[in-house]
Amino acid sequence: MSPFSRFAIYFAAVARCGSLRRAAEKLHISASAINRQILQAEEEFGTPLFERLPEGLRMTTAGELLYDNLLRWQKEFQLTRQQFDELQGLKRGSVSIGMVQALAEGSFAAALADIITSWQWLELNLRVADSHAVSEKVRQADVDFGLILDPEGQAGLSVLAFVELAMGVVMRPDCPLAQAAALSLGDLSHLRHIVPRRAAYRARPGGDALSALRLFPGKQHQLQ
DNA sequence: GGGAGGGTCAAGCATTACTG
DNA sequence: CAGTAATGCTTGACCCTCCC
């Protein structure tokens, strides 16, 4: 049972797909049926929701406003359903988390496993993507919160928590620095090195340690 | 039975990409 | 550059289901 009208479902599908045809394929109905709903709504609202372009439909400002609100209403309805369950004494809920690949294993994965074990009634939906995609999902209310790198570089998002991550260096056992107890950036500067893509390591805007390595571009290779 | 709402199908039109 | 195919939106005609 959904409190959202056909129009809301169709509108959201077109907004996501950017095309009537693709939305129609996704919803398994004809494009003309969706088009009628949208045209009818635009007439009622007195404002166009989409721009008709050769390559498909693009949301107007009014359309974007409606889409944002629709996502928020859907999220709030989920919370309402949870509150209904609580009223009936049911303990149930779901949390959607977006996270970068780097966190999908190790201590964070172990912590998630603990949560799943401790609260078996809780449904966890995990989405793995790059930082930019995760932050977009948070903006669009597609996930409840995200775990990303470079959170301070994402405009329009609230950073609820922040942790410093230790940086590691891997090298062959026969490398002269392999036995060193500690390394500084200066120790590494004269060696050829490989760094991950910028999006994967950028921890804070400006002043991060790896930025210093960019002083030696001739000795650097970047992973794609 | 008839109206309303919502669906499909087919045709038309516009734009873009491809091809000779 | 013109012809053609592909893609996508719109519209008209018609059908089905539900409700009064």
Side-chain angles (χ1 to χ4, degrees), chain A residues 1-90 92-101 104 123-146 148 150 153-157 196-200 222-224:
Chain A
M1 168 67 187
S2 167
F4 298 102
S5 65
R6 270 191 177 78
F7 161 72
I9 295 165
Y10 295 175
F11 170 78
V14 175
R16 273 193 290 270
C17 298
S19 157
L20 277 178
R21 279 195 189 279
R22 285 196 291 274
E25 284 172 13
K26 198 171 179 183
L27 296 171
H28 301 108
I29 60 168
S30 70
S32 57
I34 297 176
N35 186 47
R36 283 184 206 285
Q37 290 285 335
I38 290 173
L39 289 176
Q40 193 180 328
E42 287 179 328
E43 193 179 337
E44 257 182 57
F45 296 153
T47 182
L49 300 172
F50 291 100
E51 285 179 72
R52 273 68 177 174
L53 303 172
E55 63 270 26
L57 270 63
R58 185 174 65 197
M59 276 186 285
T60 60
T61 304
E64 286 178 358
L65 187 64
L66 178 60
Y67 185 56
D68 284 348
N69 283 329
L70 193 57
L71 293 175
R72 194 162 44 80
W73 296 335
Q74 287 177 337
K75 204 72 202 171
E76 285 175 1
F77 178 63
Q78 279 183 9
L79 293 175
T80 304
R81 288 289 303 269
Q82 286 178 23
Q83 288 167 350
F84 287 170
D85 289 343
E86 286 168 15
L87 282 175
Q88 294 173 53
L90 298 173
R92 197 164 60 192
S94 70
V95 177
S96 300
I97 305 171
M99 57 195 288
V100 293
Q101 177 69 43
E123 181 185 331
L124 277 179
N125 297 305
L126 300 179
R127 315 263 182 91
V128 177
D130 61 45
S131 282
H132 178 72
V134 171
S135 58
E136 274 306 304
K137 286 181 185 299
V138 173
R139 281 195 189 88
Q140 294 177 4
D142 203 18
V143 296
D144 295 308
F145 63 91
I148 62 174
D150 188 25
Q154 305 290 344
L157 296 180
R197 279 180 302 165
R198 184 156 184 82
Q222 194 168 77
L223 290 180
Q224 296 304 313

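Convention: sequence-line order gives letters A, B, ...; per-chain numbering from 1. All values derive from a computational prediction rather than experimental measurement.
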Would you tabulate the pairs of protein nitrogen or oxygen atoms and nucleotide nitrogen or oxygen atoms of nucleotides 13-19 of chain C closer than 3.5 angstrom?
unit_1 : atom_1 : unit_2 : atom_2 : d
C:dA13 : N6     : A:R36  : NH2    : 3.1

Base, sugar-phosphate, or nothing: which does A:Y10 touch, judged by heavy atoms less than 4.0 Å apart?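 The residue A:Y10 makes sugar-phosphate contact but no base contact.
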Output the single nucleotide from [options] whose closest atom is nearest the side chain of [X].
| X | options | result |
| --- | --- | --- |
| A:S19 | C:dT10, B:dG7, C:dC9 | C:dC9 |
| A:L20 | C:dT10, B:dT8, B:dG6 | C:dT10 |
| A:A33 | C:dG8, C:dT10, B:dT8 | B:dT8 |
| A:N35 | B:dG6, C:dT10, B:dT8 | C:dT10 |

Take the protein atom [atom1] of [X] and the nucleotide atom [atom2] of [N], then report the distance between them rounded to whole Å.
| X | N | atom1 | atom2 | result |
| --- | --- | --- | --- | --- |
| A:L39 | B:dG5 | CG | P | 16 Å |
| A:Q37 | C:dT10 | CD | P | 14 Å |
| A:I9 | B:dG6 | CD1 | P | 11 Å |
| A:L49 | C:dT10 | CG | C1' | 16 Å |

To the nearest 0.5 Å, tell me how far A:E42 CD sits from A:F11 CZ.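 Here the interatomic distance stands at 9.0 Å.
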Would you compute the distance between atom CZ of A:R36 and atom CD1 of A:I38 and round it to the nearest 0.5 angstrom?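 Rounded to the nearest 0.5 Å, the CZ-CD1 separation comes out at 12.5 Å.
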Should the side chain of A:S32 and the base of C:dC9 be counted as holding a donor-acceptor pair, with the cut-off at 3.5 Å?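 No such pair is found, so the answer is no.
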Less than 4.5 Å apart, side chain to side chain, heavy atoms only: is that true for A:V143 and A:I97?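 Side-chain contact under 4.5 Å: no.
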Does any part of the side chain of A:L49, heavy atoms only, come nearer than 4.5 Å to the side chain of A:Y67, both counted from C-beta?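 No, side chains not in contact.
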If every non-hydrogen atom of A:I148 is compared with every non-hydrogen atom of A:V100, which pair is closest and at what distance?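 The pair with the smallest heavy-atom distance is CA-CG1, 4.0 Å.
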Holding to salt bridge (Lys or Arg N to Asp or Glu O under 4.0 Å), I want the full list of residues that pass it with A:R72, two or more places apart in sequence or in another chain.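 Partners of A:R72 by the salt bridge (Lys or Arg N to Asp or Glu O under 4.0 Å) criterion, ordered by chain and then number, come out as A:E76.
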